[in-house]
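What follows is a set of notes on a single structure, which appears directly below.
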Amino acid sequence: MSTETPLDLKKTINLPKTGFSQKANLAQSEPARLKKWSEINLYQLIRQARAGADKFILHDGPPYANADIHLGTAMNKILKDFVLKSRSMMGHDAPYVPGYDCHGLPIELYVDRKLGAKKANMPAVAIRRACREHAAQALKRQTRDFQRLGILGEWDNPYLTMSNHYEAETARLFGRFVERGYVYKGARPVYWCIHDQTALAEAEVEYHQHTSPSVYVKFPLASDPALIDPALAGRKVFVLIWTTTPWTLPANLGITVHPDYQYSAFENGDEVYIVASELLDAVVEKCELRKGRDGESQPPKVLARFPGARLDRLECRHPWIDRRSLLMVGEHVTLGGEADAETELDVKDAREKQSSSKAGTGAVHTAPGHGHDDFVIGKRYGLEIYCPVDHAGHFTPEVEHFAGQSVFDANPKIVEFMRERGVLLFTESFSHRYPHCWRCKNPVIFRATPQWFISMDQAVGAVVETIEKDEDGRDRSNFTENFSEGETSLRAAALREIERVKWFPSWGEIRMRNMLKGRPDWCVSRQRVWGVSIPVFYCAKCSEAVAEPAVINHVADIFERESSDAWFIKEARELLPAGYECKQCGAAEWTKETDILDVWFDSGSSSVAVLESRPELRWPADVYLEGGDQFRGWFNSSLMVGIAAHDRAPYKAVITHGWTVDAQGKEMHKSGGNAVPPDEVIKESGADILRLWCASSNYFDDMRSSKEILQRVTDGYRKLRNTARYALGNLHGFDPARDSVAHEEMQEVDRWALAELDAVIKTVRAAFDIYEFHTAYHALYRFCTVTLSARYFDILKDRLYTFAPRHPARRAAQTALARIADALARMLAPLLVFTADEIWENLPADSARLQSVHLALLPEASDVMDEELASNWKRLFEMREDVLQTLEEARIAKVIGSSLDARVEIAATGASYELLDRYRNELRYIFIVSQVEVTRSDEGADGFVVKVLPAEGAKCERCWNYSTRVGESEKYPSVCERCVAALDEIEQESPRE
RNA sequence: CGCGGUGUAGCUCAAUGGCAGAGCACUCGAUUGAUAAUCGAGCGACGUCGGUUCAAUUCCUUCCACCGCGACCA
């Protein structure tokens with residue numbers, strides 16, 4: 001007892017001690033924690049803990065059940081988990097039912113490829129079975145990966161768009177659209193392979209270089225040319241068009257010009273031609289149109305210039321068919337097509353190429369049955385969607401001169417025919433990129449075929465318009481008449497509803513509105529097998545189509561029991577109500593529609609199919625959260641279905657996130673080497689790192705990810721972890737129930753730290769409230785690094801380490817630490833699900849503590865704000881900056897090493913002096929020096945001057961502070977007066993043997 | 001080409017019509033009682049051309065770059 005060694009003194013220091021390891025080892029600890037959560041069924045425990053609370057419904061947008069997850073899908077789900085967990089911790093009952101989008105082309109194509117030639121002999125049901133299996137497998141893998149991210153939800157019972165109930169609901173919702181008169185059947189041009197005789201989806205088309213005949217053709221103006229310009233009165237006027245598909249000319253019904261471009265009418269012989277002014281020279285040169293009225297060569301003489309709008313709704317004649325060709329205006333018109341081989345050339349070549357390769361006249365030949373733009377503008381002008389080409393690519397009999405010929409074979413004949421007729425001005429071979437069939441590699445055509453539509457602009461009224469059917473695409477129904485924007489139209493309702501929705505970020509509404517304003521009718525039919533069949537029947541005798549809600553519901557009930565496979569297995573008769581007869585002709589023989597529904601119709605149905613069928617959910621959802629691509633996708637299709645079902649948007653709020661890009665902001669490509677695969681991050685660093693990355697970035701923008709960025713995130717994680725660890729370590733032996741100190745009895749710095757905590761709590765809660773997780777993260781991170789680590793903890797060390805364990809001042813610090821650690825765990829919980837729970841477990845023993853932090857609520861900020869304390873301490877820390885700077889200078893000058901070697905002398909005046917004087921006895925602890933001397937100086941109104949000297953006295957062996965009183969104690973000769981007192985106290989607390 | 005978004009230090013984020021803040025990274029230093037830690041100091045930025053204003057990173061405009069959606073490629 002009399003021979004105390006330094007080692008024994010060291011033992012009287014209260015160093016941090018905790019089971020919370022410095023090294024996270026997340027790759028191992030996370031799976032273990034997941035296992036534990038699964039064993040206690042944490043998701044259900046959370047639901048139970050919030051039973052009866054206000055619900056918060058985040059409705060999951062179903063990812064496509066095809067490939068494995070990538071960074072983007074991981075981020076999407078993590079953000080959803082942030083929302084769910086933060087809302088749950090704000091007291092809501094926030095159930096999560098994840099979903100999967102199972103039908104559709106990508107899976108069918110994948111299965112096609114896998115089946116290869118076998119597919120031809122397989123019935124549709126067998127192909128569907130293969131698709132179903134593929135989807136089931138993919139979603140199983142995705143589920144595993146999503147769970148690994150720490151996302152809690154009903155993973156054992158997700159919603160699948162291919163489940164019986166879902167398919168039945170999808171069919172019923174189609175019936176709902178029918179019931180409300182939105183559904184019609186019409187023609188629409190689609191990619192069509194004349195070799196395979198099938199429609200192709202966009203994804204099945206590939207572009208290759210192709211040589212087509214380029215032709216310049218003159219269309220005689222039928223309207224009075226004086227309507228364009230008086231100078232043209234009485235002249236023979238022609239509009240010049242250019243096309244590389246002469247075979248579409250028999251289907252020409254119009255010519256489109258740009259309303260704002262300038263057009264010129266110029267003389268060639270005794271004729272007058274109209275082209276875009278900008279292309280005048282190029283056309284004249286190409287077609288050699290330099291004849292004056294006298295037949296002599298001359299530069300083109302322009303008779304009039306006018307905007308394209310002047311031509312609107314005038315008429316031309318078809319160059320050889322007795323039919324009008326309507327002049328229309330459209331914004332899609334460009335000045336000249338370009339042979340686009342330049343992408344493969346270098347820039348210099350490309351520039352040269354570009355100027356010489358311009359072709360076109362600024363007046364676009366328009367065949368609504370053979371082009372998408374042509375279709376859209378044709379519809380706007382009420383033109384027929386005319387397609388005199390059959391499924392094999394042959395002209396139908398009504399096409400004079402060319403009937404029965406294949407369109408590509410007819411091309412040169414049409415060119416020759418036009419030359420003979422004198423309507424052809426010029427022709428040449430033209431190489432350009434042209435769509436080809438991905439399977440047979442033949443060039444494809446655009447061809448109007450019958451499709452099912454949902455009208456955006458009117459309730460059509462009649463269930464199905466009677467269409468003039470002649471087997472194959474030559475659909476003569478004219479659904480464009482009486483086209484008016486009704487109050488009850490889907491578009492009007494959608495535009496109304498989006499105003500009621502809260503958009504995060506706010507510009508989402510603008511984007512949605514622009515999208516809704518411009519979108520054409522929704523084509524919901526697909527000529528495929530992997531999806532929900534369009535539940536429509538045709539009378540075998542009179543072709544009457546039956547699309548009745550009652551019949552559709554009858555079919556849906558069968559789907560409910562047997563899935564939509566029933567449509568492919570059963571005869572029409574078995575699917576229809578018993579004894580159903582045709583209302584038109586009384587026959588009872590039926591055929592089934594072979595088209596399936598667009599997958600966007602599937603996923604759009606989810607709000608009704610899921611939210612209304614599960615007791616824990618409700619319609620509408622509080623929030624949808626997806627990437628910006630879903631404005632046109634799921635946000636849109638869900639809105640349509642919501643309106644059809646309930647006249648309401650299915651969501652109260654919509655959150656959108658950006659894309660995951662690389663460090664340069666470029667798109668990530670699997671092959672580009674810049675991709676950040678989530679599974680690798682998890683394996684190397686842990687899911688919490690991935691989650692923290694999501695939390696650290698502003699997801700409203702694109703989210704950059706790279707090695708360096710993840711390294712920064714990992715650094716940040718370590719700082720958070722160490723900060724928590726330090727708090728936990730100093731809570732060793734602290735029992736909050738027994739040892740807590742009342743707020744008034746704490747030191748000011750403790751109360752300051754708790755006030756700072758309150759501020760962070762407010763910031764974090766507010767940020768969570770508006771889904772700004774990065775704001776919360778940065779506030780928490782700043783709190784940990786600056787407030788805690790650099791300031792509070794550093795100041796606290798002396799008190800925590802050297803005071804007797806049960807000293808009230810030490811207990812006060814621990815009381816604050818306990819509150820801080822508890823609050824940190826709660827606030828970090830939505831973001832760092834694993835680590836926060838680990839912190840939670842290592843908090844001081846408390847019998848009332850919940851099993852998991854995820855069962856807890858966010859901390860509340862206390863209402864009391866001590867303004868004076870806050871401003872005093874703000875100023876004190878500003879002064880501290882100056883002191884630290886001066887200390888650094890002294891360190892460089894080798895006056896001191898550690899700051900405890902220093903004595904600080906401050907000469908202050910005015911308010912600075914008042915403040916320093918008031919905290920006179922605290923200053924050495926705040927500045928972490930051994931001695932502080934404050935004196936009043938006379939200079940200036942307010943300010944202070946810092947001087948650093950070596951500390952006086954000797955260094956206390958125990959607390960490392962310098963003191964002139966070291967050695968006063970006989971018992972503890974190497975120790976300062978503070979430590980003598982502390983050691984006496986320790987002695988009393990636990991007398992040594 | 002159209003619609004929408006973004007552009008602040010190497011990285012991630014702030015703020016603001018009046019000297020642009022933070023943390024990390026980097027450099028240097030201290031410490032060895034948060035130690036594969038901790039503390040300090042230093043370094044470092046408003047994409048571009050104009051305009052409005054006493055004053056612009058902030059408001060308007062041009063252009064550039066990047067991202068998404070859509071259209072085009074006759």
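Chain A is the first sequence line, chain B the second, and so forth, proteins listed ahead of strands; every chain is numbered from 1.
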Between the protein and nucleotides 2-5 of chain B, which nitrogen or oxygen pairs come in under 3.5 angstrom?
unit_1	atom_1	unit_2	atom_2	d
B/C3	O3'	A/N514	ND2	3.3
B/C3	O2'	A/N514	ND2	2.8

Rounded distance in Å between the [atom1] positions of [N] and [M]:
N: B/U8; M: B/A15; atom1: P; value: 14 Å
N: B/A56; M: B/G29; atom1: P; value: 43 Å
N: B/G33; M: B/A20; atom1: C1'; value: 40 Å
N: B/A55; M: B/U16; atom1: C1'; value: 13 Å
N: B/C66; M: B/U53; atom1: P; value: 35 Å
N: B/C60; M: B/A65; atom1: P; value: 22 Å
N: B/C46; M: B/A34; atom1: P; value: 39 Å
N: B/C59; M: B/G47; atom1: P; value: 12 Å

Regarding [X], tell me which of base, sugar-phosphate or nothing describes its non-hydrogen contacts under 4.0 Å with the strands shown.
X: A/F631; answer: nothing
X: A/D715; answer: sugar-phosphate
X: A/D374; answer: nothing
X: A/R958; answer: base
X: A/G897; answer: sugar-phosphate
X: A/V786; answer: sugar-phosphate

Find the distance [X]:[atom1] to [N]:[atom2] and express it as a whole number of Å.
X: A/E708; N: B/A9; atom1: CD; atom2: P; answer: 13 Å
X: A/D629; N: B/C67; atom1: CG; atom2: P; answer: 15 Å
X: A/Q711; N: B/C24; atom1: CD; atom2: P; answer: 14 Å
X: A/L692; N: B/G23; atom1: CG; atom2: C1'; answer: 13 Å
X: A/Y777; N: B/U12; atom1: OH; atom2: P; answer: 12 Å
X: A/I795; N: B/A34; atom1: CD1; atom2: P; answer: 15 Å
X: A/L720; N: B/C24; atom1: CG; atom2: P; answer: 12 Å

Any side-chain N or O of [X] under 4.0 Å from OP1/OP2 of [N]?
X: A/Q22; N: B/A36; result: yes
X: A/H372; N: B/C72; result: yes
X: A/R725; N: B/U35; result: yes
X: A/H774; N: B/A14; result: yes

Do A/H372 and A/R188 touch side chain to side chain, with heavy atoms closer than 4.5 Å?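 Of all side-chain heavy-atom pairs linking A/R188 with A/H372, at least one is under 4.5 Å.
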Relative to A/F877, does A/R791 satisfy both conditions: NZ or CZ under 6.0 angstrom from the six-membered ring centre, and within 45 degrees of the ring's axis?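 The answer is yes; both the distance and angle limits are met.
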NZ or CZ of A/R810 within 45° of A/Y801 ring axis and under 6.0 Å: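 No - A/R810 does not lie over the ring of A/Y801 by the 6.0 Å and 45° rule.
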Dot-bracket for RNA chain B, please, read 5' to 3', with Watson-Crick or G-U wobble pairs under 3.5 Å on both distances, ( ) within the strand, [ ] crossing, | other strand, . unpaired. (((((((..((((....[..)))).(((((.......)))))....(..((..]....))..))))))))....
Please verify the inter-ring angle class for [X] with [Y]; under 30° counts as parallel, over 60° as perpendicular, anything in between as tilted.
X: A/W503; Y: A/F635; value: perpendicular
X: A/F631; Y: A/W507; value: tilted
X: A/F793; Y: A/Y726; value: tilted
X: A/F446; Y: A/Y191; value: tilted

Would you say the rings of A/F700 and A/F504 are close, in the sense that their centroids are separated by under 6.0 Å?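 Centroid distance A/F504-A/F700: not below 6.0 Å, so no.
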Please confirm whether A/Y777 and A/W693 have ring centers closer than 6.0 angstrom.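 They do not qualify: ring centres at least 6.0 Å apart.
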Of the nucleotides [options], which one has an atom closest to the side chain of [X]?
X: A/Y801; options: B/C13, B/U35, B/A34; result: B/A34
X: A/D373; options: B/A34, B/A37, B/C72; result: B/C72
X: A/K894; options: B/G10, B/A34, B/A30; result: B/A30
X: A/R704; options: B/G33, B/C13, B/U12; result: B/U12

Check whether the aromatic ring of A/W960 stacks on the base of B/G33, taking stacking as ring centres less than 5.5 Å apart and planes within 30° of each other.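 A/W960 ring centre within cut-off of B/G33 base, planes near parallel; stacks.
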Just do the salt bridge (Lys or Arg N to Asp or Glu O under 4.0 Å) check on A/D901 and A/R891 with the steps written out, would you? CA-CA 10 Å; A/D901 299 344; A/R891 201 152 20 227; over 6 Å; no
Spacing of A/R880 atom CZ and A/L887 atom CG [to the nearest 0.5 Å]: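 Here the interatomic distance stands at 10.0 Å.
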Could you grab the distance from atom CG of A/N514 to atom CD of A/E509, nearest 0.5 Å is fine?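 So the gap between those two atoms works out to 10.5 Å.
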Taking only N/O atoms, report every protein-nucleotides 39-46 of chain B pair under 3.5 Å with atom names and distance.
unit_1	atom_1	unit_2	atom_2	d
B/C39	OP1	A/S789	O	3.2
B/C39	OP1	A/S789	OG	2.4
B/C39	OP1	A/A790	N	3.3
B/C39	OP2	A/K719	NZ	3.3
B/G40	O2'	A/E888	OE1	3.2
B/G40	N2	A/E888	OE2	3.1

